[in-house]
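Chain letters run A, B, ... following the sequence lines, proteins first, then strands; residues in each count from 1.
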Amino acid sequence: MDPLPPSFYDRDALAVAADLVGAVVAHAGVRLRITEVEAYRYPGDTANHARMGRTPRNAPMWGPPGHAYVYLCYGLHHLLNFVTGPPGHPAAVLVRAAEPLDGLDLVQARRSPPGARPKVGPVLLTGPGKVAQALALNTSHSGAPLSGPLAVYTRETTPALLSGPRVGIDYAEQADREAPWRLAAADSKWVSVRRGLHPIP
DNA sequence: AACACGATGGACT
DNA sequence: GTCCATCGTGTTA
């Protein structure tokens, strides 16, 4: 099975996000089914990291679609995004939660403190920092194509979707805080925050 | 050169 | 529900 091609990502971030729910992301011995994502659009999205223009950190967002944008949040968590849209259009989709498909032992090892009992269940992968940690991703992977060691594959079935406001963007303008650009798989318990999510008509 | 803060997660009440 | 660790980044001076 081939990774999703760059053309898959060369669309509006919200459309890409909808098609990524249920897709598979793989890296470093772990394969995950993506269960929750958020779209960060451009222009006019005051929650977007690129809202103030190009910086060294967000540079991958300005490049071609189908690449990773990974950054450090709160000084300790790495967050994984997929760049969407053509070059010069800095939009992305944040991966917020996933279900384990393969490499559960590696996920548990990476997500549990040394010596602690391995964690079990959704606590392993419900949250964007958890997903990147489980995949062993850090800022060195920012800008990497999604067709190499880090890769994304098409979903086999299309899950029903839930949508709701994005999480952790209190700094954004009200319209952007309220925009229902967080999407989740209705069939999954591996979702970070149920609150505010509703079926899409 | 200094500074404020964040697309979070875990521990705790 | 509350508190806060922890540091790269962007902004301001």
Chemist: Kindly say if Tyr171(A) contacts the phosphate of dA7(B), meaning a side-chain N or O under 4.0 Å from OP1 or OP2.
Modeler: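 Indeed, a polar side-chain atom of Tyr171(A) lies that close.
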Chemist: Between Pro113(A) and Glu38(A), which residue's closest nucleotide on DNA chain B lies nearer the 5′ terminus?
Modeler: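 This one resolves to Glu38(A).
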Chemist: With distance as the sole criterion, is a donor-acceptor pair present between the side chains of Thr55(A) and Asn58(A) under 3.5 Å?
Modeler: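 Side chains of Thr55(A) and Asn58(A): pair found under 3.5 Å.
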Chemist: Distance check: side-chain N/O of Arg111(A) vs OP1/OP2 of dG10(B), anything under 4.0 Å?
Modeler: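 Yes, because at least one side-chain N or O of Arg111(A) sits under 4.0 Å from OP1 or OP2 of dG10(B).
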Chemist: Counting only heavy atoms and a strict 4.0 angstrom limit, can you tell me which residues of residues 44-56 of chain A come near DNA chain B?
Modeler: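 Heavy-atom contacts with DNA chain B come from Ala47(A), His49(A).
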Chemist: Mind checking Leu76(A) for me? I need base, sugar-phosphate or nothing, with any heavy atom below 4.0 Å counting as a touch.
Modeler: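 If one applies the 4.0 Å heavy-atom cut-off, Leu76(A) turns out to touch a base.
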Chemist: Could you tell me whether His141(A) and His27(A) have their ring centroids closer than 6.0 angstrom?
Modeler: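 Under 6.0 Å, so yes.
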Chemist: Check the distance between dT8(B)'s C1' and Asp170(A)'s CG and give it to me in whole angstrom.
Modeler: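 Taking atom C1' of dT8(B) as the reference, CG of Asp170(A) is at 13 Å.
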Chemist: Does one side chain, of Ser192(A) or Glu36(A), offer a donor that lies under 3.5 Å from an acceptor on the other?
Modeler: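 Indeed, the side chains of Ser192(A) and Glu36(A) share at least one donor-acceptor pair under 3.5 Å.
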Chemist: Just checking Tyr71(A) against His49(A), ring centres under 6.0 Å apart?
Modeler: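 Ring centres of His49(A) and Tyr71(A) closer than 6.0 Å.
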Chemist: Can you tell me the distance, in whole Å, between the CD atom of Glu36(A) and the C1' atom of dT8(B)?
Modeler: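 Spelled out: CD on Glu36(A) to C1' on dT8(B) is 13 Å.
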Chemist: Please tell me which of Lys130(A) and Val167(A) maps to the more 5' nucleotide of DNA chain B, matching each residue to the nucleotide holding its nearest heavy atom.
Modeler: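 On the 5' side of the pair lies Val167(A).
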Chemist: Check whether the side chains of Arg111(A) and Gln133(A) place a donor and an acceptor atom closer than 3.5 Å, and report yes or no.
Modeler: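 Side-chain D/A pair, Arg111(A) to Gln133(A): present.
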Chemist: Would you say the side-chain atoms of Arg51(A) and Thr46(A) include a donor-acceptor pair closer than 3.5 Å?
Modeler: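 Per modelled atom types, Arg51(A) and Thr46(A) side chains form no pair under 3.5 Å.
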Chemist: Hey, does the side chain of Arg96(A) come within less than 4.0 Å of dT8(B)'s phosphate (OP1/OP2), counting only N and O?
Modeler: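 Answer yes for this pair, as a side-chain N or O of Arg96(A) is under 4.0 Å from OP1 or OP2.
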Chemist: With pairs defined as Watson-Crick or G-U wobble and both distances under 3.5 angstrom, please note down DNA chain C as a dot-bracket string, | for pairing with another strand.
Modeler: |||||.||||||.
Chemist: Does the side-chain ring of Tyr74(A) sit on the six-membered ring of the dG9(B) base, less than 5.5 Å centre to centre and under 30° in tilt?
Modeler: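 No, aromatic ring not over the base.
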Chemist: Side chain to side chain contact (heavy atoms under 4.5 Å, CB included) between Asp176(A) and Asn48(A): does it pass, once the steps are laid out?
Modeler: CA-CA 10 Å; Asp176(A) 297 327; Asn48(A) 189 322; over 6 Å; no
Chemist: Regarding Arg11(A) and the six-membered ring of Tyr9(A), is the cationic atom NZ or CZ under 6.0 Å from the ring centre and inside 45° of its axis?
Modeler: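 That pair does not qualify as a cation-pi contact.
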Chemist: Whole angstrom is fine here: how far is it from CZ in Arg177(A) over to P in dA7(B)?
Modeler: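 Whole-Å distance recorded here is 14 Å.
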Chemist: Base, sugar-phosphate or nothing for Leu79(A)? Non-hydrogen atoms, less than 4.0 Å.
Modeler: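 The residue Leu79(A) makes sugar-phosphate contact but no base contact.
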Chemist: Using whole Å, what does the distance between atom C1' of nucleotide dG10(B) and atom NE2 of His77(A) come to?
Modeler: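 Going from NE2 in His77(A) over to C1' in dG10(B) covers 8 Å.
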Chemist: Taking CG from Leu124(A) and C1' from dT8(B), how many angstroms apart are they, rounded to a whole number?
Modeler: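 Rounding to the nearest Å, CG of Leu124(A) and C1' of dT8(B) are 16 Å apart.
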Chemist: Any carboxylate oxygen within less than 4.0 angstrom of a Lys/Arg side-chain nitrogen, looking at Arg33(A) and Asp187(A)?
Modeler: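 Here Arg33(A) pairs with Asp187(A) in a salt bridge, since their nearest N and O are under 4.0 Å apart.
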Chemist: Atom CG of Leu72(A) and atom C1' of dC5(B): how far apart are they, to the nearest Å?
Modeler: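 Rounded to whole Å, this separation is 13 Å.
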Chemist: Please round to the nearest 0.5 Å and tell me the distance separating atom CD1 of Ile34(A) and atom CG of Leu20(A).
Modeler: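 With rounding to 0.5 Å, CD1 (Ile34(A)) is 5.5 Å from CG (Leu20(A)).
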Chemist: In whole angstroms, how far is the P atom of dG9(B) from the CD atom of Gln133(A)?
Modeler: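 Value for this atom pair: 9 Å.
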Chemist: Nearest whole angstrom, please: distance from the P of dA7(B) to the OH of Tyr69(A).
Modeler: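 Atom OH in Tyr69(A) sits about 8 Å away from atom P in dA7(B).
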Chemist: Base, sugar-phosphate, or nothing for Arg166(A), non-hydrogen atoms under 4.0 angstrom?
Modeler: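 No contact at all - Arg166(A) keeps every heavy atom at 4.0 Å or more from the nucleic acid.
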